[in-house]
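Naming convention: chains lettered A, B, ... in sequence-line order (proteins, then strands); numbering from 1 in each chain.
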There are 2 protein chains.
Amino acid sequence: MVRERGLVGLSLRELGGRVGMRAQSLYSYFTSKNEIYDAMFRQGYETFMGEMALPPAPNEPTNVLAFIEAGSLRFFDFCVSDPVRYQLLFQRTIPDFEPSPESWALALRAYDRGVGGLRQLGFDDESLDMWTAVLTGLTDQQISNDPGGTRWRRQVPRAVRMLVTEFAPHLVTPPRARPRRKATR
Amino acid sequence: MVRERGLVGLSLRELGGRVGMRAQSLYSYFTSKNEIYDAMFRQGYETFMGEMALPPAPNEPTNVLAFIEAGSLRFFDFCVSDPVRYQLLFQRTIPDFEPSPESWALALRAYDRGVGGLRQLGFDDESLDMWTAVLTGLTDQQISNDPGGTRWRRQVPRAVRMLVTEFAPHLVTPPRARPRRKATR
DNA sequence: GTCTATAAGATGATAGAC
DNA sequence: GTCTATCATCTTATAGAC
């Protein structure tokens, strides 16, 4: 229903109708409308963690850079495939709704798991901030300005290479020959 | 009013009350609620163009890189200083509202002017896409995850250097000594 | 240009019967 | 658990008097 009407278009009456009961009967399952949003929020993050944890697809990443790129594209596609879910999980635009503490904790776990691989590769907090911003920025532009297309998705590999070069250059320039130093001391 | 209540919190009754009349009297000025959103949209972009066109502040940019950085920070601050306006102008989350053709044309002019400087410096369409994504990504994170702080703003100079290095390296590495070639032919 | 009156509806939520 | 009945609003918008 929210995929059709948007998040604020969720109406208890119509929701009741769709599941075959009166709106009031929903209160046997949820104490308020926000509790429904909260359940969707939680479910969304559970799906997210499930998707991100899947084994790599047949077209495998062979090296570290390809591995990071694959993870980034997976995140990107997860977001773009369901813009309303993206809005619910990563933007926060429903008036008067904020997730319950348990749901927030889940979201934090999901974030930690998402960037855990990068952290292990030596990315510090600042670089993870930059990482998050760039990836969600591309995602956002794709959803808002080219839904259904690939205009911004095509930039993901380049962004990944750019970020890795900036924050973990040893991963991208194989350490064969050290650049000469100015002088030997 | 929308700064307090959010964009969807705009109510004609209360708006009327604030300007000293009944809600119905507003229809002498606007034919619908969406026309009010449209007026705010247009006004926002006019302010935007005004702000971005201001002469550089006393702490001047001295070189090209600093010039780009200053412009980026100016955009960033414009967005962060008024999150609701940001939502109206750059995200599009009001149900059933879309800007009139004239307002859209204005928004396109504003974008062109905003990236015009970069285009003159040799940035192509793809790099402008990346530019937009990164800058709005940082902005978005700042607004959603650290409102009032500077956690993501601090990353702007680094992002600028990273992007310029990627897309216009001649601007950041002064052309003193050419890297030696493999062989002379 | 502002008002009153009112249309015509939507909404989330509660009480209590069965 | 689901229902009917209903509350208590809220909303945008129109008609027409002054």
Side-chain angles (χ1 to χ4, degrees), chain A residues 1-46 82-89 91-104 106-107, chain B residues 1-46 82-89 91-104 106-107:
Chain A
M1 178 172 169
V2 296
R3 283 193 196 102
E4 295 171 15
R5 301 216 188 307
L7 285 171
V8 292
L10 175 63
S11 143
L12 297 187
R13 277 177 159 73
E14 187 178 343
L15 176 60
R18 293 203 185 198
V19 298
M21 59 178 70
R22 312 261 94 170
Q24 300 91 320
S25 303
L26 296 170
Y27 284 85
S28 296
Y29 301 90
F30 302 95
T31 72
S32 72
K33 187 185 186 182
N34 276 352
E35 204 171 279
I36 299 181
Y37 283 128
D38 199 59
M40 298 199 302
F41 183 90
R42 199 177 335 112
Q43 202 175 69
Y45 268 104
E46 271 154 13
D82 193 338
V84 170
R85 181 180 59 191
Y86 176 74
Q87 197 182 359
L88 174 65
L89 299 189
Q91 303 186 309
R92 297 279 309 297
T93 172
I94 311 176
D96 303 325
F97 165 68
E98 57 180 43
S100 63
E102 307 80 49
S103 300
W104 252 125
L106 174 63
Chain B
M1 178 171 168
V2 296
R3 284 194 195 101
E4 295 171 16
R5 303 216 188 305
L7 285 171
V8 291
L10 174 64
S11 143
L12 297 186
R13 274 177 157 72
E14 188 178 342
L15 177 60
R18 293 202 186 199
V19 298
M21 59 179 70
R22 309 262 93 169
Q24 300 92 320
S25 303
L26 296 169
Y27 284 85
S28 297
Y29 301 91
F30 302 95
T31 72
S32 72
K33 188 185 184 183
N34 276 352
E35 203 170 281
I36 299 180
Y37 282 129
D38 200 58
M40 296 199 303
F41 184 89
R42 198 175 336 110
Q43 200 175 70
Y45 270 104
E46 271 155 11
D82 193 338
V84 170
R85 181 179 59 191
Y86 176 75
Q87 197 182 359
L88 174 64
L89 299 189
Q91 304 187 308
R92 298 279 310 297
T93 172
I94 311 175
D96 301 326
F97 165 67
E98 57 179 43
S100 63
E102 307 81 50
S103 300
W104 251 127
L106 174 64

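What separates CG of B:Asp96 from P of D:dA13 is a distance of 11 Å, to the nearest Å. When rounded to the nearest whole Å, the span between CZ of B:Arg22 and C1' of D:dC18 equals 16 Å. Separating the CZ atom of B:Arg5 from the P atom of D:dC10 is a distance of 11 Å, rounded to the nearest angstrom.
Between B:Ser25 and C:dG1, a side-chain N or O to OP1/OP2 separation shorter than 4.0 Å is absent.
Two residues are said to be in side-chain contact when any heavy atoms from C-beta on lie closer than 4.5 Å; B:Thr93 and A:Val8 fail this criterion. A 4.5 Å side-chain heavy-atom check between A:Ile36 and A:Leu15 finds at least one atom pair inside the cut-off. In this structure, the side chains of A:Met1 and A:Ser11 come closer than 4.5 Å at one or more pairs of heavy atoms.
Inter-axis angle, ends of the helix from C:dG1-D:dC18 to C:dC18-D:dG1, five pairs per end, rounded to 10 degrees: 0°.
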Contact list (N/O, under 3.5 angstrom) for nucleotides 9-13 of chain C vs protein:
from: C:dT11; atom 1: OP1; to: A:Ser11; atom 2: OG; distance (Å): 3.1
from: C:dG12; atom 1: OP1; to: A:Leu10; atom 2: O; distance (Å): 3.3
from: C:dG12; atom 1: OP1; to: A:Lys33; atom 2: NZ; distance (Å): 2.7
from: C:dG12; atom 1: OP2; to: A:Leu12; atom 2: N; distance (Å): 3.1
from: C:dG12; atom 1: N7; to: A:Arg13; atom 2: NH1; distance (Å): 3.4
from: C:dA13; atom 1: OP2; to: A:Tyr27; atom 2: OH; distance (Å): 2.8
from: C:dA13; atom 1: OP2; to: A:Lys33; atom 2: N; distance (Å): 3.2
from: C:dA13; atom 1: O5'; to: A:Tyr27; atom 2: OH; distance (Å): 3.1

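Side-chain atoms of B:Asn34 come within 3.5 Å of backbone N or O of B:Asp96 as a donor-acceptor pair.
Using modelled atom types and a 3.5 Å distance limit, the side chains of B:Ser25 and B:Ser28 yield no donor-acceptor pair.
The pair A:Arg18-A:Glu14 meets the salt-bridge criterion, with a side-chain N (NZ, NE, NH1 or NH2) lying under 4.0 Å from an Asp/Glu carboxylate O.
In this structure, A:Gln43 places its CD atom where only 12 or fewer heavy-atom neighbours from other residues, nucleotides or ligands lie under 6.0 Å away.
Ring planes of A:Tyr37 and A:Phe97: tilted class, angle from 30 to 60°.
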